[in-house]
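Computed from a prediction, not measured in an experiment: that's the story for all the values here.
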Amino acid sequence: MSFFPKQPSSRIGSTQTVAYDSSVGATNKFGSGTFQLRLVANSACCYRIGDGAQTATTADVFLPANSVEYVTVTPGQNIAAIKAASNGLVTATAGTLWVTELS
């Protein structure tokens with residue numbers, strides 16, 4: 001038998017969406033088996049991850065529109081997002097952030 005090299009992967013869990021304009025937090029905390037997230041947004045946004053209720057600002061981590069980002073988290077944390085500020089090539093636009101839990 002021959003084997004082929006495998007790519008690293010994670011189990012896909014639940015996905016929730018965060019519709020943002022001003023700072024909006026996700027409805028649900030991350031599950032007990034969630035240690036990584038896959039983030040995708042349809043417009044440029046900034047996000048904050050932490051314990052308890054979160055409030056994002058435009059000074060938080062920037063996520064460009066239509067790009068995929070993987071981040072490490074702790075079970076029970078939460079995420080909030082806000083539209084990015086207009087600056088150079090970025091135009092502030094309301095949008096949706098897709099948050100997929102991975103384990």
Side-chain angles (χ1 to χ4, degrees):
M1 261 187 339
S2 62
F3 294 96
F4 61 93
K6 297 177 185 173
Q7 295 296 316
S9 65
S10 298
R11 292 188 186 279
I12 296 174
S14 62
T15 298
Q16 58 182 318
T17 58
V18 179
Y20 56 83
D21 189 3
S22 57
S23 182
V24 177
T27 305
N28 302 314
K29 294 180 180 182
F30 308 142
S32 60
T34 300
F35 294 94
Q36 188 178 42
L37 299 178
R38 179 181 184 265
L39 304 175
V40 180
N42 61 358
S43 70
C45 69
C46 296
Y47 67 89
R48 177 180 291 187
I49 297 171
D51 297 322
Q54 296 300 304
T55 302
T57 70
T58 56
D60 288 325
V61 181
F62 176 74
L63 178 64
N66 303 315
S67 62
V68 177
E69 183 163 277
Y70 292 88
V71 295
T72 302
V73 297
T74 301
Q77 289 185 313
N78 206 340
I79 189 169
I82 189 171
K83 67 181 176 184
S86 292
N87 185 358
L89 298 175
V90 176
T91 302
T93 306
T96 301
L97 173 67
W98 284 264
V99 180
T100 302
E101 297 182 20
L102 306 172
S103 59

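Taken to the nearest 0.5 Å, the CD1 atom of Ile82 stands 7.5 Å off from the SG atom of Cys46.
Other members of the hydrophobic cluster containing Val90, listed by chain and number, are Phe62; membership follows side-chain contacts under 4.5 Å among ILVMFWY residues, whether direct or relayed.
No single ILVMFWY cluster, assembled from side-chain heavy atoms under 4.5 Å apart, contains both Trp98 and Tyr70. Under the 4.5 Å side-chain heavy-atom criterion for grouping Ile, Leu, Val, Met, Phe, Trp and Tyr, Leu97 is not connected to Val68 through any hydrophobic cluster.
In terms of the side chain to side chain donor-acceptor pair (under 3.5 Å) criterion, residue partners of Ser10 (sequence neighbours excluded) are, by chain and number, Gln36. Under the side chain to side chain donor-acceptor pair (under 3.5 Å) criterion, Gln16 pairs with no residue at all, not counting sequence neighbours. Considering only residues two or more places apart in sequence or on other chains, Val71 meets the side-chain contact (heavy atoms from CB on, under 4.5 Å) condition with Leu37, Leu39, Tyr47, Ile49, Glu69, Val73. Considering only residues two or more places apart in sequence or on other chains, Asn87 meets the side-chain contact (heavy atoms from CB on, under 4.5 Å) condition with none of them. In this structure Asp21 satisfies the side chain to side chain donor-acceptor pair (under 3.5 Å) test together with Lys83, sequence neighbours excluded. Here Thr91 pairs with Ser86, Thr93 under the side-chain contact (heavy atoms from CB on, under 4.5 Å) rule; sequence neighbours left out. Applying the side-chain contact (heavy atoms from CB on, under 4.5 Å) test to Thr100 and every residue at least two apart in sequence or in another chain returns Ile12, Thr15, Arg38, Leu102.
The two residues Pro75 and Ser32 come nearest to each other via the heavy atoms CG-O, 3.4 Å. Across Thr74 and Phe30, no two heavy atoms sit closer than the pair O-CD1, 4.1 Å. Summarising the geometry of Val24 relative to Tyr20, their closest heavy-atom pair is CG2-CA, 4.2 Å, with the distance given to 0.1 Å. Across all their heavy atoms, Val99 and Val18 have their closest contact at CG2-CG2, 4.4 Å.
Listed by first and then second residue, the salt bridge (Lys or Arg N to Asp or Glu O under 4.0 Å) pairs involving residues 70-82 amount to none (not counting sequence neighbours). Residues in residues 88-103 take part in no salt bridge (Lys or Arg N to Asp or Glu O under 4.0 Å) pair, two or more places apart or across chains.
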Just list the side-chain donor-acceptor pairs under 3.5 Å for residues 53-60, sequence neighbours left out, or say none.
unit_1: Gln54; atom_1: NE2; unit_2: Asp51; atom_2: O; d: 2.7
unit_1: Gln54; atom_1: NE2; unit_2: Gly52; atom_2: O; d: 3.4
unit_1: Thr57; atom_1: OG1; unit_2: Ala59; atom_2: N; d: 3.2
unit_1: Asp60; atom_1: OD1; unit_2: Arg48; atom_2: NE; d: 3.2
unit_1: Asp60; atom_1: OD1; unit_2: Arg48; atom_2: NH2; d: 2.9
unit_1: Asp60; atom_1: OD2; unit_2: Arg48; atom_2: NE; d: 3.1
unit_1: Asp60; atom_1: OD2; unit_2: Arg48; atom_2: NH2; d: 3.3
unit_1: Asp60; atom_1: OD2; unit_2: Thr57; atom_2: N; d: 2.8

